[in-house]
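Remarks on the structure that follows.
Just so we're on the same page: letters track the sequence lines, and every chain starts at 1. Values below: every heavy atom of this structure, side chains too, minus hydrogens, waters and symmetry copies.
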Number of protein chains: 2
Amino acid sequence: MDGYDKYAFEPFAVTVDLAVFTVQRGGLRVLLVERGQEPYAGRWALPGGFVRPAESAETAARRELAEETGLADVSGLHLEQLRTYSEPDRDPRMRVVSVAFTALLPDPPEPRGGGDAAQARWLPYGGREALAGHGPLAGHGPLAFDHDRILADARERVGAKLEYTCLATSFCSPEFTLGELQQVYETVWGTELDRPNFRRKVLATPGFVEPVPGAARLTGGRGKPAALYRAGGATALHPPLLRPALPSQSQEGQNP
Amino acid sequence: MDGYDKYAFEPFAVTVDLAVFTVQRGGLRVLLVERGQEPYAGRWALPGGFVRPAESAETAARRELAEETGLADVSGLHLEQLRTYSEPDRDPRMRVVSVAFTALLPDPPEPRGGGDAAQARWLPYGGREALAGHGPLAGHGPLAFDHDRILADARERVGAKLEYTCLATSFCSPEFTLGELQQVYETVWGTELDRPNFRRKVLATPGFVEPVPGAARLTGGRGKPAALYRAGGATALHPPLLRPALPSQSQEGQNP
DNA sequence: CCCCTTAATGGTCAGTCAGACTATAAAGAT
DNA sequence: ATCTTTATAGTCTGACTGACCATTAAGGGG
């Protein structure tokens with residue numbers, strides 16, 4: 001950071017890219033826009049835009065989130081910096097450094113198409129379609145630029161943070177059932193969890209969820225009505241709720 | 001990312017800042033440079049510099065790491081992106097977006113002063129001096145720009161990653177004793193760990209460490225000589241090695 | 001040379017927690 | 001009325017953790 005006048009430096013364009021996730025009908029969905037122009041015309045991409053002169057990347061990301069989702073109030077939504085992507089050739093036109101963010105929405109609104117005739121949609125990401133061999137975006141990929149990688153990084157980060165934070169409640173409405181909360185974990189992790197055990201763990205963690213005092217119950221379909229809970233005051237999970245270790249993962253070296 | 005020609009965008013300067021940690025004599029140290037020019041002349045700052053036109057931020061960070069430490073080969077060192085700091089007023093001269101990195105060194109070389117008469121030093125960070133009330137940098141703070149915050153974020157990130165990755169071996173020489181490895185945990189976390197339990201946990205994790213086959217032993221001082229180990233092939237810790245939860249942390253909400 | 005200190009290593013034991021599983025309750029569907 | 005579905009309650013076992021105690025192998029000091 002020393003000696004600006006001694007070293008040459010090139011100006012960069014700085015953008016933000018958003019990986020906005022939601023859990024809907026048991027599947028993970030991500031907000032994508034269809035590009036109307038070259039490069040990558042017709043390909044899907046993460047929503048995003050330039051950081052303005054008086055903005056931080058965080059401010060720009062929240063502004064873009066409001067614009068792209070059409071939500072009036074995005075102040076309560078979870079928005080978190082993922083990392084910055086700066087490969088010199090990631091945009092063929094010019095040098096663009098992009099700060100990527102991850103956002104989580106409980107109930108996704110119908111997205112409005114962007115200004116330039118590009119449509120925006122919630123596309124399923126991962127899940128059953130991926131297992132059928134069409135890739136994580138089920139035929140809508142690959143994305144423009146390096147957005148496939150950004151999206152994969154974002155999903156991995158969200159999955160990891162579910163383990164040791166209370167982030168899962170950000171995917172849920174203000175009042176939710178434990179079944180809905182469990183669906184969030186199962187959807188993001190792509191695994192199934194034992195319901196009684198999940199319940200025991202969540203309720204045993206102080207501040208994770210708190211019961212809605214009105215003893216209100218509600219159900220959408222069959223079965224016994226479920227009790228409603230709100231997010232508690234805690235943000236971290238100690239000890240964490242670990243996802244089941246896949247047999248072929250995370251321990252490549254073995255001790256004899 | 002759509003329509004570059006439709007929206008105004010400002011060029012930014014993009015820099016990298018490095019939080020380079022090492023564990024020495026039982027204390028955590030960080031590489032800092034003393035600024036020779038305004039702004040913040042005479043204050044200490046994180047090493048860093050501009051990203052060049054053909055570089056990614058990662059490439060620039062590794063180049064800066066080599067330059068600042070004077071090490072011939074930094075290819076094996078741990079270098080990881082922390083996050084990007086982009087507040088509009090973080091540099092009083094111009095709009096600078098900085099991508100911060102965290103690096104870990106086993107045995108720190110004597111740093112060479114930067115080109116512009118600025119000296120570089122390993123300063124103790126946190127530890128006993130901090131408890132004496134002089135702040136985490138024991139009288140050398142506050143740092144220039146927003147580097148205090150970057151440094152705090154970096155330390156927290158390193159501490160968190162020790163829990164669920166094998167990162168701690170990056171602080172150690174190629175061959176190390178379990179006592180040295182434990183010192184890394186204790187130094188970064190600022191807590192004491194039970195030696196037999198730590199040993200049991202480390203050895204029970206496949207791929208974390210592997211014994212040096214030559215049954216080589218080595219000691220610096222008194223006591224029984226310790227067996228030497230190398231880093232194993234694993235990168236993740238499943239289940240994690242959790243730092244002892246401080247009584248006043250992480251669970252502000254309590255369920256009745 | 002003997003004893004003390006230091007540090008590494010080996011082991012025990014009880015409490016806690018996670019995974020697997022069974023059982024009961026309360027709703028809609030047929 | 002009975003079945004299906006979902007929520008909730010509880011049990012049991014093995015694994016893991018934290019708190020210990022014991023032993024081994026070095027150096028230092030009398």
Side-chain angles (χ1 to χ4, degrees), chain A residues 25-26 162-164 172 175-187 189 191-206 208-212 215-229 237-247 250-251 255, chain B residues 25-26 162-164 172 175-187 189 191-206 208-212 215-229 236-247 251 255:
Chain A
R25 290 196 294 276
L162 287 191
E163 292 191 317
Y164 54 95
C172 297
E175 300 189 345
F176 52 87
T177 69
L178 293 186
E180 291 164 359
L181 189 66
Q182 182 176 347
Q183 274 249 328
V184 170
Y185 277 90
E186 293 180 334
T187 300
W189 286 350
T191 61
E192 299 224 332
L193 300 175
D194 181 82
R195 196 182 286 269
N197 290 343
F198 178 82
R199 173 189 193 75
R200 186 217 299 156
K201 171 69 182 177
V202 169
L203 294 180
T205 303
F208 192 178
V209 301
E210 53 185 28
V212 173
R217 287 159 178 265
L218 175 146
T219 179
R222 294 182 284 214
K224 182 175 176 178
L228 288 179
Y229 293 85
L237 252 51
H238 269 292
L241 205 161
L242 299 177
R243 52 187 146 180
L246 303 179
S250 84
Q251 289 169 352
N255 255 352
Chain B
R25 290 197 293 276
L162 288 191
E163 293 191 317
Y164 54 94
C172 297
E175 300 189 346
F176 51 87
T177 68
L178 293 187
E180 291 164 0
L181 189 66
Q182 182 176 348
Q183 274 249 328
V184 170
Y185 276 91
E186 292 180 335
T187 300
W189 286 351
T191 62
E192 299 223 332
L193 300 175
D194 181 82
R195 196 182 285 269
N197 290 342
F198 178 82
R199 171 187 195 76
R200 186 218 299 155
K201 172 69 181 176
V202 169
L203 293 180
T205 302
F208 192 177
V209 301
E210 54 184 28
V212 174
R217 285 156 181 266
L218 176 147
T219 178
R222 295 183 283 216
K224 183 175 176 177
L228 287 179
Y229 293 85
L237 253 51
H238 268 293
L241 204 160
L242 299 177
R243 53 186 144 180
L246 302 177
Q251 291 168 353
N255 255 350

Quiz prompt | Exercise: identify the closest heavy-atom pair between F208(A) and L181(A) | solution = CZ-CD2, 4.2 Å
Quiz item: Under a 4.5 Å cut-off applied to non-hydrogen side-chain atoms, are K201(B) and P239(B) in contact?
Solution: yes
Exercise. Check for a donor-acceptor pair, side chain of E180(A) on one end and backbone N or O of C172(A) on the other, with a separation under 3.5 Å.
Key: no
Quiz prompt | For Y229(A), all residues meeting side chain to side chain contact (heavy atoms under 4.5 Å, CB included), sequence neighbours excluded | solution = F176(A), L178(A), R199(A), L203(A), V209(A), P211(A), A227(A)
Quiz item: Do you know the tightest heavy-atom contact between Y185(B) and L162(B)?
Solution: OH-O, 3.1 Å
Quiz item: Does some side-chain heavy atom of L193(B) sit less than 4.5 Å from a side-chain heavy atom of P244(B)?
Solution: yes
Quiz item: Tell me: CG of L193(B) to P of dT17(D), nearest whole Å?
Solution: 13 Å
Exercise. Can you tell me the distance, in whole Å, between the NE2 atom of H238(A) and the C1' atom of dT16(C)?
Key: 17 Å
Quiz item: So which heavy atom on E163(A) is nearest to which on L237(A), and how close?
Solution: O-CD2, 3.7 Å
Provide a list of protein-nucleic acid N or O atom pairs under 3.5 angstrom, restricted to nucleotides 6-10 of chain C.
| from | atom 1 | to | atom 2 | distance (Å) |
| --- | --- | --- | --- | --- |
| dA8(C) | OP1 | R195(B) | NH1 | 3.4 |
| dA8(C) | OP2 | R195(B) | NE | 2.9 |
| dA8(C) | OP2 | R195(B) | NH1 | 2.2 |
| dA8(C) | OP2 | R195(B) | NH2 | 2.7 |
| dT9(C) | OP1 | A227(B) | N | 2.7 |
| dT9(C) | OP2 | R199(B) | NH1 | 2.6 |
| dT9(C) | O5' | R199(B) | NH1 | 3.4 |
| dT9(C) | O5' | R199(B) | NH2 | 3.0 |
| dG10(C) | OP2 | R199(B) | NH2 | 3.3 |

Each nucleotide N or O in nucleotides 17-19 of chain C that has a protein N or O under 3.5 Å away: list the pair and distance.
| from | atom 1 | to | atom 2 | distance (Å) |
| --- | --- | --- | --- | --- |
| dA18(C) | OP1 | K201(A) | NZ | 2.8 |
| dA18(C) | N7 | R200(A) | NH1 | 2.9 |
| dG19(C) | N7 | N197(A) | ND2 | 3.4 |
| dG19(C) | N7 | R200(A) | NH2 | 3.4 |
| dG19(C) | O6 | R200(A) | NH2 | 2.6 |

Self-check item: Protein-nucleotide distance (Q182(B), atom CD; dG18(D), atom C1'), rounded to Å
Solution: 14 Å
Self-check item: Heavy-atom pair of closest approach, residues Q182(B) and R195(B)
Solution: OE1-CG, 3.3 Å
